[in-house]
Asks: 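The structure follows.
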Number of protein chains: 2
Amino acid sequence: MVAGVHHPGPEEIGMESHALHVIAYPEGEVGAEHFAVVPVELPDPDRLADGEVLVRNTWTSVDPGMRLRLRAAAPEGYFTSFPLHQPLDGVLSVGEVLASRAPGFAPGDTVWHSLGWREHAVVRAEDVAMNGVGTLRRLDVRDREPQWFLGALGPMGLTAYSGLAVVDGLDGGGVVWVSAGAGAVGSLAAQIARNVGHRVIATAGSPAKVDWLRDEAGVDAFSYRHESLRDGLRRLAPDGIDIYFDNVGGDHLEAALEALRMHGRIALCGTVSDYESEPRGPRNIFLTTAKHLTLAGFRGSLHLDLLDEMQQRVGAWLRDGALVYRETVYDGLASAPRAMADMLAGRTTGKTLVRLA
Amino acid sequence: MVAGVHHPGPEEIGMESHALHVIAYPEGEVGAEHFAVVPVELPDPDRLADGEVLVRNTWTSVDPGMRLRLRAAAPEGYFTSFPLHQPLDGVLSVGEVLASRAPGFAPGDTVWHSLGWREHAVVRAEDVAMNGVGTLRRLDVRDREPQWFLGALGPMGLTAYSGLAVVDGLDGGGVVWVSAGAGAVGSLAAQIARNVGHRVIATAGSPAKVDWLRDEAGVDAFSYRHESLRDGLRRLAPDGIDIYFDNVGGDHLEAALEALRMHGRIALCGTVSDYESEPRGPRNIFLTTAKHLTLAGFRGSLHLDLLDEMQQRVGAWLRDGALVYRETVYDGLASAPRAMADMLAGRTTGKTLVRLA
């Protein structure tokens, strides 16, 4: 499918707009009660300052990492907290330029930027995004869905690709386990690993996700709800694994430390399992010494040098069908809190998105 | 000091010998009650088989890793358990050759091998030691204490040196924290790190160890019993650390994950803190992802390629005083259980040794 380019008519200018605010930090599970959709004035395009661009957002991204920012005190070294009663910042979005006073951007352009979770945004072209990826940028959507740039061709793709890169996993030839394998990053990591020549085992919770991994993504898969991680890994990789791409942490990380062969490597992408509860470290971490393992934490945003290479390779796989890609789409800003709660509870598949247009 | 070479007289041949047996696996702390010194017949030198060497052991090594083998079921991927009611195997020792039917070995030679914790051993020259280091080997003790080869010039030195190597820590220029800095490996890692050009912070429990680290080893140091790890690290490294050499695990590893700067590295040498109690993983392991950290488990025995390089560099530092080296020596085989208990309880300093001659 090719996304149609929407040219805003004059009737949209001056209309009311909306933004999502955090009104309370969740103690446990994220719910609609922690957010409010607030009416805001649509910025006047005639009052843009030099270097500013008015964007009508069409897609905004729902990322697991956002859960870390829904706290009064965000973990040190990571992002800052989302402030209460203000629009959420630092969330990648795709939109269309309505008006521009920045060179290189014109009405009708499709762009990405970091001011998501609101229907309209005024973006300064020169502001460098906190996470590196979301600096205002024109997107070539001629043969690509615009929302792909929030997923397979954007931060998620860069995370999957660079995670394999940091553990020397782009040359193939090994056995790779990807946890949360049907998730936004996991589904990409599993298929990239398969496409570069690894044997891939992916795990997920639900049978539907496992079926998708086997039938659509084309990798070995099992559900940790129906078979213990230890048993499933022994069944599918009796001689052990070489690389573990960790999207979960907790018991998954412990199972990987057990299953890895000598000199195995772990790409630590994030620990969703810890976001909702008291974190717990891997009790068998001594196996890193025993088996000469390497654990490499990474963030895709620190591998912008790989962005072009990733977009070329993953873009080609997407076009020729060697990499399939699923989205769970929620419509309208008001559905955003439910989108996040569903994603953190494992009720979404693939990239979770909110469509605003 | 130069060790005198002891030539055994005929009165020693045919005497009774002794070996240490494990008679019960400790549930908690290691104590004398878990061992027995058993009289054994001294092997007849006239009955050696081809390729065998009779060695009178003079020094045997007490290593933290031995605690892992004092279990009915040793952790998978590491060593095997010490069997009950048999001499302990796989423990590096230095001794003198009494008789030899192996080419390259003659009475009076000083050697190392893996059959320690007994007064006499019959060693097959061709047996490759399980841990790689302890295959029978002649030692050049002309300007070196023979017991140095059990420590600074042996496995401990190789562990310290290769641990810094695996985290690219041999080029200097950073801030390095070494835990258990007065221990057998830690004291070497701290001084090697300092000698290659790092700023080094070492931690220890007792004030005496801290004094030794400051006054003798010449590195910054503090006691985690008198100042929290967090406070001490902030005081001595307000801008954070680049490398953590982990000999402790547990709360030390958590403090390191907090103190490390972006792109920091951890060399995971072993987790003594876990040997005596239920292991616990680092609860803030998510910081690995947040700060792009690398944790590299390693064993010196897997870096035999670095042995010559290490012995040359560390040997030179030892001779010119740029590296100081302490030993805690227990006399006689009967003192071996106490030596291990004292070492695991933190009551020893530097390399722990049992002198048998």
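In the text below, chain A, chain B and the rest are named by the order of the sequence lines, each starting its count at 1. Values below: all heavy atoms of this structure, side chains included; hydrogens, waters and symmetry mates excluded.
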Asks: Check the angle between the aromatic planes of A/His292 and B/Phe298 and answer parallel, tilted or perpendicular using the 30° and 60° thresholds.
Replies: perpendicular
Asks: Taking B/Arg299 for the side chain and A/Lys291 for the main chain, is one N or O donor matched with an acceptor at less than 3.5 Å?
Replies: no
Asks: What distance separates B/Thr289 OG1 from A/Asp246 CG, expressed to the nearest 0.5 Å?
Replies: 7.5 Å
Asks: Distance from A/Leu268 atom CG to B/Leu287 atom CG, nearest 0.5 Å?
Replies: 11.5 Å
Asks: Rounded at 0.5 Å granularity, tell me how far CG in A/Leu302 sits from NE2 in B/His263.
Replies: 5.5 Å
Asks: Mind running side-chain contact (heavy atoms from CB on, under 4.5 Å) on A/Ile285 and B/Leu253 for me, showing each step along the way?
Replies: CA-CA 11 Å; A/Ile285 195 167; B/Leu253 183 52; 4.0 Å; yes
Asks: Tell me which of these, B/Ile266, B/Leu295, B/Thr288, has more heavy-atom pairs under 4.5 Å with chain A than the rest.
Replies: B/Leu295
Asks: Does the side chain of B/Thr294 come within less than 4.5 Å of A/Thr294's, by heavy atoms?
Replies: yes
